[in-house]
**Q** 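Please find one structure pasted underneath; my questions will follow.
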Amino acid sequence: EASPRGDRVAFQALGHIYVKDLPNGRPQRITRQDDHFELYPTWSRDGRWIAYVSWNDAALGAVRVVSAEGGGGRVLTTKPGHYIEPVFSPDGETLAYRRVSGGGLTSPMWSRDTGVYVVPFAGGEPVLVTESGSRPHFGADADRLYLQRWSGSDVDQKAESSRAQEYRVSPDGRWLAWRERFHAFIAPYVRTGRQLELGPEASSLPISRVSKEAGEYLHWSGDSRSLHWSLGPELFTRDLTDSFAFLDGAPEDLPAPPAEGTDLSFDVDSDVPQGSVAFVGGQVITMRGEEVIDDGVVVVTGNRIVAVGPRASTTVPAGAHLVDVTGKTVMPGLIDAHWHGGMGGAGIIPQESWVNYASLGFGVTTIHDPSNDTGTIFAASEMGRAGLTTAPRIYSTGTILYGAAGSFKAIVDSLPDALFHLKRMQAVGAFSVKSYNQPRREQRQQVIEAARQLGMSVVPEGGALFQHNMSMVMDGHTGIEHALPIPNVYDDVLQFWSQTGVGYTPTLVVAYGGLGGENYWYRHTDVWDNERLLTFVPRRNVDARARRPIHAPDGEWNHVVVAENARKLNDVGVITNIGAHGQREGLAAHWEIWMFEQGGMSPLQALKTATIEPARYLGMDADLGSLEAGKLADVIVINGDPLEDIRVSENVTFTMVNGRLYDSATMNQVGNHPRERGPLWWEMSRAWEKRDGVVMP
């Protein structure tokens, strides 16, 4: 958020609040408190203070204020909770904020009494304003609070657009900005006593679209003369006089909306551990063709593999941490090409994420999520890459390019439309997009052409329609997500698809056309008693699915048919990948491997669908997917030989991601940098009970 005078900007990055002098200052942290994450910064109207919220997995959240010149944050809220969206009143004497519920990735403690509150800046008891509404903010008066409610998407019951996603009244109360179809708009805010109907085509008021590309995080200058918004790392500004010709001072010809903003990005070193690690004495499945090395050695220095070969001919550096893997198997970390799951809630990212620990604990070192909350997942990706959290390599399409009705519908009626949507996703960190429910073939082709021009990948879903899938293959999508909805694949499909270079991620756990693979493993294994899974995943999450499984005859498990068809495609050269769909954290990646073997793949073929194949599919095979000198050090150690018994693949004893070595059973870091992981929220429940006399749900 830009300061009221527009000379500074506060923003959240890598878990903390930074302030930068505009336009060319260097970003500086506003606090030095490192026991919690910071988010949702906002300025007081006089520019002297910044309010924000904090998050700590143990202490939970708080609303805080800090001097704009820096210092320690002062807590305003009187109880722990899950707090977001603070904002100052015009006189600076009050702050409004929203209290939301926890659970899921964060503790459910202190999740009652949600709603919008106000609290005195000087301190005191918060007061509930309303139990519903979001994005609270003030206009000109301290006694009038504006809210956004999704039962009609209204602001103070005064304005409405069925497609708007964000509203903001100006500080003087005379203007209203809103975001719709990813663009930012402004109109005069007239209190008529009746509801204003808004939209790009509305005719009751003068309306100006102020953004050339996408715009979000709308906020006004202190004098209400300019609107600010952002796209990725860029901050944009548009003066009212550049938007409405009837205003005094407006030029004769209004300028086009700004194409470039102020770049707020800054460089931070990626996490790279020091020292060397050598895995010595085990079977090494390199994923280079059919290569398997008995009594092999894999040497890692920093975050790169430096040597792979037989023990007799491979030098281990002096001082390297030795990992004796005799009787075990060393192979690349698993890559889940179609992963789903939360990285946070309401913008709050946990310090210790059980979802990420579960993935790593089962050896999944890279995930690609083809549908997630854009802001949260890319923030989580950057924090993991910087070493601020423990996580797999996180990649995503962000929010899907949705072609059906809804407030986030991505309208694609031309190549410029497609370029607009792909550029806005690329700006926030995406290298891939998901083309989903774009109904017409030329729309999907326009997305593909835009991706070719921008060097991006496009993954679609076929909606369980075979002809739809085949047109997607014909048009050259990166790959097809989810299963072909047919019982047999014949030579016409095999011959055609094998010549296209289009990949296939059938997600056997949720295979179309019958019972999916997830239910098979609940029926045939004691998932409810899997010690590794229950170390990292709340029992209530597991029990709800695993304790009362579906019972069906063996011939009715549809995933086997889908896997058989996938094997046929793989045999003719179609890149085929695991995609566990987030159905069962970490463990389901192994189910995918096992199900490919059920479909007729050899164990080595099945293991390749979780390593080198998805690395190629995602365009990462220069760095990931095989054990070769020069590649990134994502390595797992399996207790046993999965080439003899594929089912031992889940017995991961060590996980190395980016050169850092973990005991997979506990996810404590070992090797050159031993460190015990922090507790997960349910592991802290007894401390809360003792402290506050409360009982976990």
**Q** Under 3.5 Å, side chain of Thr314 to main-chain N/O of Pro310, donor-acceptor pair present?
**A**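 Confirmed, Thr314 side chain pairs with Pro310 backbone.
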
**Q** Would you say Glu683's side chain and Leu680's backbone share a donor-acceptor pair under 3.5 angstrom?
**A**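 Judged by distance alone, yes, a pair lies under 3.5 Å.
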
**Q** So, Asp663 versus Asn668: side-chain donor-acceptor pair below 3.5 Å or not?
**A**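 No, because no side-chain N or O of Asp663 sits under 3.5 Å from a partner of the opposite role on Asn668.
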
**Q** Could you tell me whether Glu518 and Arg545 have a side-chain N and a carboxylate O separated by less than 4.0 Å?
**A**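 Salt bridge flag = yes for Arg545 with Glu518.
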
**Q** Would you give the length of the straight line joining atom OG of Ser353 to atom CD1 of Ile394, rounded to the nearest 0.5 angstrom?
**A**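 Those atoms lie 8.0 Å apart.
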
**Q** Tell me if a side-chain donor or acceptor on Ser107 pairs with a main-chain N or O of Met109 at a distance below 3.5 Å.
**A**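 Side chain of Ser107 to backbone of Met109, a donor-acceptor pair under 3.5 Å: yes, one is there.
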
**Q** Is the backbone N or O of Gly630 less than 3.5 Å from a side-chain atom of Arg304, with the two atoms forming a donor-acceptor pair by type?
**A**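 Here the side-chain-to-backbone pair exists.
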
**Q** Would a distance-only check, ignoring hydrogens and angles, find a side-chain to backbone donor-acceptor pair under 3.5 Å from Thr397 to Ser432?
**A**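 A pair under 3.5 Å: no.
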
**Q** Could you walk me through whether Leu334 and Ile593 pass the side-chain contact (heavy atoms from CB on, under 4.5 Å) test, one step at a time?
**A** CA-CA 10 Å; Leu334 306 185; Ile593 296 168; 4.2 Å; yes

**Q** Is a donor on one side and an acceptor on the other found under 3.5 Å between the side chain of Gln351 and the backbone of Asp57?
**A**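 A pair under 3.5 Å: yes.
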
**Q** State whether Asp543 and Arg548 are salt-bridged, where the test is any N-O pair (Lys NZ or Arg NE/NH1/NH2 against Asp/Glu carboxylate O) under 4.0 Å.
**A**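 No salt bridge links Asp543 with Arg548.
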
**Q** Between Glu592 and Gly579, is there a donor-acceptor pair closer than 3.5 Å when you use the side chain of the first and the backbone of the second?
**A**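 At least one qualifying donor-acceptor pair exists.
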
**Q** Under a 3.5 Å cutoff, is there a donor and acceptor pairing between the side chains of Trp521 and Asn519?
**A**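 The answer is no; no qualifying pair exists.
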
**Q** Take Glu564 and Arg567, measure what salt bridge (charged side-chain N to carboxylate O under 4.0 Å, His left out) needs, and give me the verdict at the end.
**A** CA-CA 5 Å; Glu564 289 172 346; Arg567 189 265 305 163; over 6 Å; no

**Q** Do the side-chain N and O atoms of Thr301 and Ser276 include a donor-acceptor pair separated by under 3.5 angstrom?
**A**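 Short answer, yes.
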
**Q** In terms of side-chain heavy atoms, does His559 have a donor or acceptor partner in Gln598 at a distance below 3.5 Å?
**A**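 Looking only at side-chain atoms, Gln598 and His559 do form a donor-acceptor pair, the distance falling under 3.5 Å.
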
**Q** Looking only at side chains, do Thr576 and Thr609 share a donor and an acceptor under 3.5 Å apart?
**A**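 Checked: Thr576/Thr609 side chains show no N/O donor-acceptor pair below 3.5 Å.
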
**Q** A side-chain contact here means heavy atoms from C-beta on lying under 4.5 Å apart; do Val648 and Asp641 qualify?
**A**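 No; the side chains remain at least 4.5 Å from each other.
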
**Q** How long is the gap from OG1 on Thr653 to CD1 on Ile638, to the nearest 0.5 Å?
**A**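 If I round to the nearest 0.5 Å, the distance is 8.5 Å.
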
**Q** Are side-chain heavy atoms of Glu291 and Val308 found at a separation under 4.5 Å?
**A**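 No; the side chains remain at least 4.5 Å from each other.
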
**Q** Is the closest side-chain heavy-atom distance between Val537 and Arg584 below 4.5 Å?
**A**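 Counting from C-beta outward, Val537 and Arg584 do come under 4.5 Å.
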
**Q** Going by atom types only, do Glu613 and Asn570 share a side-chain donor-acceptor pair under 3.5 Å?
**A**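 Yes, because at least one side-chain N or O of Glu613 sits under 3.5 Å from a partner of the opposite role on Asn570.
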
**Q** Is it true that Glu290 and Lys608 have a side-chain N and a carboxylate O under 4.0 angstrom from each other?
**A**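 Yes, charged N to carboxylate O under 4.0 Å.
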
**Q** Quick one: does any side-chain atom of Ser664 pair with a main-chain N or O of Thr655 as donor and acceptor, under 3.5 Å?
**A**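 It does hold such a pair.
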
**Q** Does any donor atom in the side chain of Ser435 or His477 lie under 3.5 Å from an acceptor atom in the other side chain?
**A**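 No - no donor-acceptor pair under 3.5 Å links their side chains.
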
**Q** How many angstroms lie between CD1 in Ile486 and CZ in Phe466, if you round to the nearest 0.5 Å?
**A**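 Output value for this atom pair is 4.0 Å.
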
**Q** Parallel under 30°, tilted from 30 to 60°, perpendicular over 60°: which one fits the rings of His340 and His581?
**A**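 His340 and His581: perpendicular rings.
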
**Q** In Å, rounded to the nearest 0.5 Å, how long is the span from CD1 of Ile578 to OG1 of Thr507?
**A**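 Separation between the atoms: 11.5 Å.
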
**Q** For residues Tyr617 and His338, establish whether the separation of their ring centroids is below 6.0 Å.
**A**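 No, ring centres 6.0 Å or more apart.
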
**Q** Would Ser396 and Asp369 count as having a side-chain donor-acceptor pair, cut-off 3.5 Å?
**A**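 There is no such pair between these side chains.
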
**Q** Looking at Arg385, I want to see if its CZ is surrounded by more than 12 non-hydrogen atoms of other residues, nucleotides or ligands under 6.0 Å.
**A**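 Incorrect, the count does not exceed 12.
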
**Q** Which heavy atom of Trp55 sits nearest a heavy atom of Ile349, and at what distance?
**A**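 Shortest heavy-atom separation between Trp55 and Ile349 comes out as CD1-O, 3.8 Å.
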
**Q** Looking at every non-hydrogen atom in both residues, tell me the closest pair between Pro679 and Met684 and how far apart they are.
**A**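 Looking at all heavy atoms of both residues, the closest pair is O-CE, 3.5 Å.
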
**Q** Rounded to the nearest 0.5 Å, what's the gap from CZ on Phe279 to CG on Leu661? Could you check?
**A**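 That separation rounds to 5.0 Å.
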
**Q** Testing the basics here: between Met601 and Ala566, what is the closest heavy-atom pair and its distance to 0.1 Å?
**A**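 Heavy atoms only, the tightest pair is CE-O, 4.3 Å.
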
**Q** So, do Phe362 and Leu533 sit near enough that their side-chain heavy atoms are less than 4.5 Å apart?
**A**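 Counting from C-beta outward, Phe362 and Leu533 do come under 4.5 Å.
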
**Q** Give a yes or no answer on whether the side chain of Tyr504 reaches the backbone of Leu484 with a donor-acceptor pair at less than 3.5 Å.
**A**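 Pair found, side chain donor or acceptor close to backbone of Leu484.
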
**Q** Return yes if some donor-acceptor pair links the side-chain N/O of Arg677 with the main-chain N/O of Thr666 below 3.5 Å, else return no.
**A**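 A pair under 3.5 Å: yes.
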
**Q** With a 6.0 Å cut-off on ring centres, are Trp339 and Tyr395 close enough?
**A**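 Not close enough - the centres of the two rings lie 6.0 Å or further apart.
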
**Q** To the nearest 0.5 Å, what is the distance between OG1 on Thr505 and NE2 on His368?
**A**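 Between Thr505 OG1 and His368 NE2, I get 9.5 Å after rounding to 0.5 Å.
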
**Q** Which atoms form the tightest heavy-atom contact between Ile480 and Met472, and what is the distance?
**A**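 Scanning both residues, the minimum pair turns out to be CD1-CB, 3.5 Å.
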
**Q** For Asp526, look at atom CG and say whether over 12 heavy atoms of other residues, nucleotides or ligands are found less than 6.0 Å away.
**A**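 Enclosed: over 12 neighbouring heavy atoms sit under 6.0 Å from CG of Asp526.
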
